[in-house]
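What follows is a short report on a single structure.
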Amino acid sequence: MAQAPVAGGPAENPYETALAQLDAAAERLHLSDGMREVLRRPRRELSVSLPVKMDDGSLRVFTGFRVHHNDARGPVKGGLRYSPYVDIDEVRALAMWMTWKSAIAGLPYGGAKGGIIVEPRDLSIGELERLTRRFASEIGILIGPERDVPAPDLGTDEQVMAWIMDTYSVQHGHSAPAVVTGKPLSIGGSAGRRDATGRGVLFVTQEACARLGRPLEGASVAIQGFGKVGSVAAKLLDDAGAKVVALSDSRGGIYNPDGLGDIDAILAHKHESGLLPEDHPGAHITNEELLELPVDILIPAALEGQICGDNVGRVQAKLIVEAANGPMTQDADLALAERGVPVVPDILANSGGVIVSYFEWVQDIQSFFWEERTVNSRLERIIKRSFQEVADVQDRDGTSMRDAAYTLAVARVVEAIEARGIFP
Ligand code: NAD
C-alpha cells in the first residue's frame with residue numbers, strides 16, 4: 001500500500017524557485033539568452049485525465065502529469081508523486097531538479113517528473129491499483145527503458161512501481177523491468193534501492209561534517225518527515241553515532257534533547273500503526289517547532305517550502321542537509337547564506353535515490369544483479385565524489401554550496417547540448 005500523507009502544501013511556487021536558481025547559474029556561467037531559454041523550458045509536458053471505477057460503483061476522474069525537462073545527457077529519469085498538492089508547476093520544478101541532480105552525479109540521464117492529484121490514503125488498494133494502471137497506460141506514450149524511467153517519490157512505493165512495470169509489460173507483450181526503478185526485488189529491483197536516498201543522506205552528512213571540521217558522532221539531529229527517506233536517514237545516522245533528537249510525520253513530531261533512543265522500535269511502531277509512538281518519553285512538537293530546534297544538524301525530509309521567510313529567523317541548526325526536494329524557499333536560502341549556515345543542497349544531498357535507480361536500470365538491462373554491499377559501496381563512491389566536485393567549485397568560486405552545485409550541473413548539461421547541437 002502506498003505511503004503518503006501530505007499535510008500543508010508548499011509555501012511558494014517551486015517552479016519560480018527552480019527558475020530563479022537556474023537564472024542565477026546562467027548568469028555565473030555567462031550563458032547566451034538562447035541557451036537560457038532552452039534550459040528554462042521543459043522539453044515536453046503531458047497532462048492526462050484518469051477515469052477510475054471506485055469501489056462504490058461511482059466513477060471519478062483524476063488528473064495526472066508527466067514532464068520531461070531535458071534529455072541532452074540521456075533518457076529522462078524522475079519520480080512519480082501522489083499528493084493532493086501536485087500541480088503542473090510543482091512537477092515542472094521537480095523535473096528540472098532531476099536534470100541537475102543526474103548531471104551532478106555524472107549519470108547518463110536527463111530529468112523528468114510526474115504525479116497525480118490524489119490523496120492515496122483515501123483510496124482502497126484496488127482503487128489505487130486501477131488509478132496507477134490507467135496512469136501507466138496514459139503516459140505509455142512517453143515512458144520506456146530507453147526513453148523515460150519513472151521511480152517512487154512522495155506517496156508512491158514499490159507496489160506502485162510493480163503495477164506500472166506490469167501494465168507497460170502487458171501492453172508491449174514482453175516483460176520490461178527496466179521501465180521503472182524502485183521495484184520489488186522479485187521483479188528486477190535492486191538490492192539497496194529502498195535505503196538508497198537515506199544512505200546517500202548519511203554519506204553527504206559525513207562529508208559535510210568532515211569539511212566543516214565537526215564530528216558527526218554525538219551531533220544532535222532533527223529530521224522532518226519519517227517516510228521512505230527520513231526514516232532510513234534517522235536509522236543510519238543513529239547507527240553512525242549521531243544523536244537523533246527529533247522526528248516528525250505529517251501529524252507532528254517527538255523531541256527529546258537527550259536522544260530518542262531506539263530508532264528501530266520507533267520504525268516498527270510506525271510500520272504497525274502508521275503513527276509515531278504517542279507514549280514516547282519527551283515532548284510532542286509540531287512540524288514548525290521541529291524546524292526551529294537548537295540542533296547541530298537539521299534534515300528536512302518531507303515537502304517543499306518548509307523553511308521560508310517566515311520561520312528562517314528562528315532556525316537554529318548549525319548545518320542543514322536537504323533530503324527533501326526544494327524544502328527551502330529562496331529568501332530563506334539567502335538569509336541562511338548571510339548568516340553563514342552551511343546547507344547541503346537537495347540536488348546533491350538526496351541524489352542517492354537516483355544513483356541507485358541508475359544501478360537498478362543497468363542491472364535490469366544486463367539481467368545481472370549485484371550484491372547489496374556492491375551497490376552501497378558504489379553509491380558511496382559516486383555520491384562522495386559528487387560532494388567533492390561540488391566542494392571544489394565552491395572553493396574556486398567562493399559561493400554557497402547550492403550555487404556551486406548549480407554551476408556544476410548547468411555547465412554539464414550545456415556541454416551536452418552543445419556537443420549534440422540543435423536539431424535540425
Ligand atoms: P514518503 O511519502 O515516503 O514520506 C513523506 C514523509 O513526510 C511522511 O512521513 C509524511 O508523513 C511526512 N509529511 C508529509 N507532510 C508533512 C508535513 N507537512 N510536515 C512534516 N512531514 C510531513 O516520501 P519520501 O519518498 O520519503 O520523500 C520525501 C522527500 O524526499 C520528498 O521531497 C521527495 O521528493 C524527496 N526524495 C525522495 C526520494 C526517494 O527515493 N523516495 C529521492 C529523492 C528525493
Side-chain angles (χ1 to χ4, degrees), residues 1-11 14 77-86 90-91 93-95 97-98 100-102 105 111 113-115 119-121 150-161 180-182 189-190 192-201 204 222-234 246-254 266-267 270-271 274-276 285-291 299-308 311 321-328 345-358 360 379 383:
M1 178 68 193
Q3 301 175 18
V6 183
K77 188 89 191 76
L80 292 175
R81 177 171 288 201
Y82 288 3
S83 149
Y85 300 104
V86 164
E90 183 187 61
V91 180
L94 289 160
W97 288 330
M98 282 306 300
W100 313 140
K101 201 180 296 184
S102 298
K113 205 79 180 189
E119 172 53 84
R121 282 189 305 183
D153 189 67
L154 208 79
T156 56
D157 60 10
E158 291 182 358
Q159 179 61 75
V160 170
M161 295 306 117
V180 286
T181 57
S190 175
R193 173 61 184 91
R194 197 176 292 163
D195 289 356
T197 310
R199 190 174 296 279
V201 169
V204 297
I223 303 179
Q224 185 198 42
F226 200 59
K228 294 185 292 296
V229 179
S231 64
V232 173
L247 293 170
S248 69
D249 63 15
S250 57
R251 298 172 188 86
I254 47 179
I266 300 174
L267 260 171
K270 175 81 181 169
H271 278 306
L275 302 169
L276 290 168
I285 53 169
T286 63
N287 266 297
E288 291 72 33
E289 288 166 340
L290 181 140
L291 297 172
I299 303 186
L303 305 176
E304 292 99 85
Q306 297 296 297
I307 303 172
C308 58
N311 63 5
V321 179
E322 294 185 330
N325 284 308
M328 200 180 288
D346 48 6
I347 53 175
L348 171 61
N350 68 31
S351 62
V354 71
I355 292 169
V356 177
S357 273
Y358 166 62
E360 181 174 332
L379 164 63
I383 205 165

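Just follow the structure's listing: the first ligand is 1, and inside any ligand the first atom is 1. Note that the coordinates shown come from a computational prediction; the quantities given were computed from them, not determined experimentally.
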Distance filter under 4.0 Å to Ala323 heavy atoms, resulting ligand 1 atoms: 30 (O), 35 (C), 44 (C)
Any Arg193 heavy atom less than 4.0 Å to ligand 1: yes
Test applied, side-chain hydrogen bond (donor to acceptor under 3.5 Å, both in side chains); reference residue, Thr181; option that passes from Lys77, Glu360, Arg193: Lys77
Test side chain to side chain contact (heavy atoms under 4.5 Å, CB included) applied to Val321 and Val204, step by step: CA-CA 8 Å; Val321 179; Val204 297; 3.9 Å; yes
Ligand 1 contact on Asp157 by region, counting heavy-atom pairs under 4.0 Å: neither
Tyr85 side chain reached by Leu303 side chain, heavy atoms, under 4.5 Å: no
Polar atom proximity, Gly155 to ligand 1 (N or O, under 3.5 Å): yes
Proximity to ligand 1 by part of Ala196, non-hydrogen separation under 4.0 Å: neither
Val201 vs Ile299 side-chain heavy atoms within contact, under 4.5 Å: yes
Per-residue contact class, Glu322 against ligand 1 - non-hydrogen pairs under 4.0 Å: neither
N or O pair under 3.5 Å between Asn325 and ligand 1: yes
Ligand 1 versus Ser231: contacting region, heavy-atom distance under 4.0 Å: neither
For Arg81, the ligand 1 atoms whose distance to one of its heavy atoms is below 4.0 Å: 31 (C), 32 (O), 33 (C), 34 (O)
Taking every non-hydrogen atom, the tightest pair across Ile383 and Gly352: CD1-N, 3.7 Å
Best match, Tyr82, Trp97, Phe226: closest heavy atom to atom 9 (O) of ligand 1: Phe226
Heavy-atom side-chain proximity of Lys113 to Asn325 below 4.5 angstrom: yes
Heavy-atom nearest neighbour of atom 26 (O) of ligand 1 within options Asp195, Val229, Leu290: Val229
Any N or O of Lys101 closer than 3.5 Å to N or O of ligand 1: no
Polar contact flag for Lys113 and ligand 1 (N/O pairs, less than 3.5 Å): no
Proximal candidate to atom 31 (C) of ligand 1 [heavy atom criterion; set Gly78, Ala302, Gly227]: Ala302
Side chains of Arg81 and Thr156, donor plus acceptor under 3.5 Å: no
Ligand-side contact atoms (ligand 1) for residue partner Leu154, heavy atom cut-off under 4.0 Å: 2 (O), 5 (C), 23 (O), 27 (O), 28 (C), 31 (C)
Closest approach of Ala151 to Ser357 (non-hydrogen atoms, all atoms of both residues): CB-OG, 4.1 Å
Main-chain N/O of Gly192 paired to Ser190 side chain as donor or acceptor, under 3.5 Å: no
Residue portion contacting ligand 1 (non-hydrogen atoms closer than 4.0 Å) for Asn350: both
pair Lys228-Thr197: side-chain heavy atoms closer than 4.5 Å: no
Heteroatom proximity flag, Lys270 to ligand 1, N/O under 3.5 Å: no
Glu288 and Asn311, any side-chain heavy atoms less than 4.5 Å apart: no
Under 3.5 Å: N/O of Leu94 near N/O of ligand 1: no
Ligand-side contact atoms (ligand 1) for residue partner Gln224, heavy atom cut-off under 4.0 Å: 19 (N), 20 (C)
Polar proximity ligand 1 side, Ser248 side, N/O cut 3.5 Å exclusive: no
Heavy-atom check, side chain of Val91 versus side chain of Leu94, under 4.5 Å: no
